Amino acid sequence: MNFKEVLLVVNPIAGHTDKKKIISGIQEYLEKSKINFHLYSTTGENDRENIKARIQDHDIDRVLVAGGDGTINLVADAIKDLNLTLGILPAGSANGLAKNFNIPEELDMQINAALGSNFIDLDLLCLNNIICLHLSDLGINAELIKNYDSSAIRGKFGYLIQSIPTLMQSEYPFDFTIETEKGKTNAQAVLLGIANAKKYGTGANVNPQGIPNDGVFEILIFKKLSLGEILKTLRNETDLDPDFVETIPAKQAKVFSKKPVAFQIDGEYIGKVTEIDIKILPEKLRIAIPESS
């Protein structure tokens, strides 16, 4: 390891799990290698600015993050201009980015990957001036995330409990107009995805064509709810019915909705919108990943 100062950013409430084991595991690993360890716990107040200040104050040369996709997005936004490598220790309710990079569940293997020398230079999407690392969407999944955020029950069980009322209350389908460099498409959908990767945190392979560093993202038009096709995504099948989902690859796009639609980025509910401007930033985010990825 050719670095000397490591910052671990921890979201203490992500996934409602105790992070002490992760913190102590990182400390022990770094002490053996005589690498200095610094800890920052998020508070929800000025975290981006505080993380950047910690990096500059201590001359950090590797950043680790223990949290869910929203915490990873926060740290990525803080370091995207700093030429640093990010290591991921998945610790959220849903860990979609970790699923896409096959980050293992065992803590010691996660630490080895996060502090290792196998990297990917990830494309950074920008949606209405907010970065997106792997998946964003409008429609029924964003409504589910909104309902989950207001629920007292966390984890995957919390998502499951909220799925039925979300389906009952949603006003789907939604009408969208999609403009890309290739033309205009009008579509009716239960969910419109903007994907830089293949999978959601559930493991559902909704975008088999997705390559996170190819300079292209995919717009996914989910036209209907189909239990059979949803099960295909969970089984990692790649032959999804075009009557279920239509895919539009793009390098830039605008999406318009006739009425405000729920919108989420990397598992974080943003609000209701009628327009999204999508582009790929010139910067890349270097992420340490397992060699098996």
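Each residue takes its place number in the sequence, starting with 1. The figures that follow rest on heavy atoms only: side chains count, while hydrogens, waters and symmetry mates do not. Remember, it's a predicted structure, so these values are computed and weren't measured experimentally.
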For a quick test of your reading: what N or O donor-acceptor pairs under 3.5 Å do the side chains of residues 64-91 make, sequence neighbours left out?
residue, atom, partner, partner atom, Å
Asp69, OD1, Gly96, N, 3.3
Asp69, OD1, Leu97, N, 3.1
Asp69, OD2, Gly96, N, 2.7
Thr71, OG1, Asn11, ND2, 2.9
Asn73, ND2, Ile131, O, 2.9
Asn73, ND2, Asp266, OD2, 2.8
Asp77, OD1, Lys80, NZ, 2.8
Asp77, OD2, Arg48, NE, 3.1
Lys80, NZ, Asp77, O, 3.4

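Residues Asn102 and Ser292 bring no donor and acceptor atom of their side chains to less than 3.5 Å of each other. If you check the side chains of Asp108 and Tyr29, you find no donor sitting under 3.5 Å from an acceptor. Judged by distance alone, the side chains of Asn207 and Glu218 do bring a donor and an acceptor atom under 3.5 Å apart. Inspection of the Asn50 and Asn46 side chains reveals no N or O donor paired with an N or O acceptor under 3.5 Å.
Residues Leu122 and Pro212 approach most closely at CD1-CB, 3.4 Å, considering heavy atoms. The minimum heavy-atom distance linking Glu179 with Lys184 is given by the pair OE2-CE, 3.5 Å. Looking at every heavy atom in both residues, Ala113 comes nearest to Ala288 through O-CB, 3.3 Å. Nearest heavy-atom pair, Asp47 versus Gly44, reported as atom, atom and distance to 0.1 Å: OD2-N, 2.7 Å. The two residues Tyr269 and Phe263 make their nearest non-hydrogen contact at CD1-O, 3.6 Å.
Expressed to the nearest 0.5 Å, how far NZ of Lys259 lies from NZ of Lys272 amounts to 8.5 Å. For the atom pair CD1 (Ile140) and CZ (Phe174), the distance works out to 7.0 Å, reported to the nearest 0.5 Å. With values rounded to the nearest 0.5 angstrom, Ile111 atom CD1 is found 8.5 Å from Glu28 atom CD. Thr180 contributes atom OG1, which lies 6.5 Å from atom CD1 of Ile219 (distance to the nearest 0.5 angstrom). In this structure, the separation between CG on Asn118 and CG on Asn112 is 12.5 Å, given to the nearest 0.5 Å. A distance of 7.0 Å separates NZ of Lys284 from CG of Asp121, quoted to the nearest 0.5 Å.
Placement of Ile60 and Ile22 in two distinct hydrophobic clusters is found when ILVMFWY residues are connected by side-chain heavy-atom separations under 4.5 Å, directly or transitively. Hydrophobic clustering places Val261 together with Phe222 (ILVMFWY residues linked when any side-chain heavy atoms are closer than 4.5 Å, directly or through intermediates). The cluster map of Ile, Leu, Val, Met, Phe, Trp and Tyr, joined by side-chain heavy atoms under 4.5 Å apart, puts Phe217 and Leu127 in the same cluster. Hydrophobic clustering of Ile, Leu, Val, Met, Phe, Trp and Tyr side chains at less than 4.5 Å, counting indirect connections, unites Leu285 with Leu7. Under the 4.5 Å side-chain heavy-atom criterion for ILVMFWY residues, a single connected hydrophobic cluster contains both Leu133 and Leu281.
Identified under the side chain to side chain donor-acceptor pair (under 3.5 Å) test for residues 56-67, with sequence neighbours left out: none.
For Asn100 (side chain) and Lys199 (main-chain N/O), a donor-acceptor pair under 3.5 Å exists by modelled atom type. Checking side-chain atoms of Ser24 against main-chain N and O of Lys21 turns up a donor-acceptor pair under 3.5 Å. Distance alone, capped at 3.5 Å, is enough to place a donor-acceptor pair between the Asp123 side chain and the Gly215 backbone. The main-chain N or O of Glu45 is found under 3.5 Å from a side-chain atom of Thr43 such that the two form a donor-acceptor pair. With hydrogens and angles disregarded, a donor-acceptor distance shorter than 3.5 Å links the side chain of Gln264 to the backbone of Gly267.
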When you look at Asp175 and Asn186, which way does the side-chain contact (heavy atoms from CB on, under 4.5 Å) test go after all the steps? CA-CA 8 Å; Asp175 293 308; Asn186 294 316; over 6 Å; no

Apply side-chain contact (heavy atoms from CB on, under 4.5 Å) to the pair Ile211 and Val216, showing each step before the final yes or no. CA-CA 8 Å; Ile211 299 173; Val216 175; over 6 Å; no

Please lay out, stage by stage, how Phe101 and Ile120 fare under the test side-chain contact (heavy atoms from CB on, under 4.5 Å). CA-CA 9 Å; Phe101 294 136; Ile120 184 171; 3.9 Å; yes

Test side-chain contact (heavy atoms from CB on, under 4.5 Å) on Thr177 and Thr185 and set out the steps. CA-CA 6 Å; Thr177 298; Thr185 301; over 6 Å; no

Quick one: do Glu246 and Lys223 satisfy salt bridge (Lys or Arg N to Asp or Glu O under 4.0 Å)? Show the steps, please. CA-CA 8 Å; Glu246 178 183 351; Lys223 302 176 182 179; 3.6 Å; yes

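A heavy-atom distance below 4.5 Å is found between the side chains of Ile23 and Leu39. The side-chain heavy atoms of Leu8 and Tyr40, taken from C-beta on, include no pair separated by under 4.5 Å. The shortest side-chain heavy-atom distance between Ile287 and Phe119 does not fall under the 4.5 Å cut-off. Looking at heavy atoms from C-beta onward, Glu275 lies out of side-chain contact with Val255 at the 4.5 angstrom threshold. For the pair Ile221 and Ile178, the minimum side-chain heavy-atom distance is below 4.5 Å. Between Ile194 and Leu138, the closest side-chain pair of non-hydrogen atoms falls below 4.5 Å. Looking at heavy atoms from C-beta onward, Cys132 lies out of side-chain contact with Cys126 at the 4.5 angstrom threshold.
Within 6.0 Å of CD in Gln188 there are more than 12 heavy atoms belonging to other residues, nucleotides or ligands. Atom CD of Glu105 has 12 or fewer neighbouring heavy atoms from other residues, nucleotides or ligands inside a 6.0 Å radius. Annotation for Glu291: atom CD does not count as buried by contact number, only 12 or fewer foreign heavy atoms lying within 6.0 Å.
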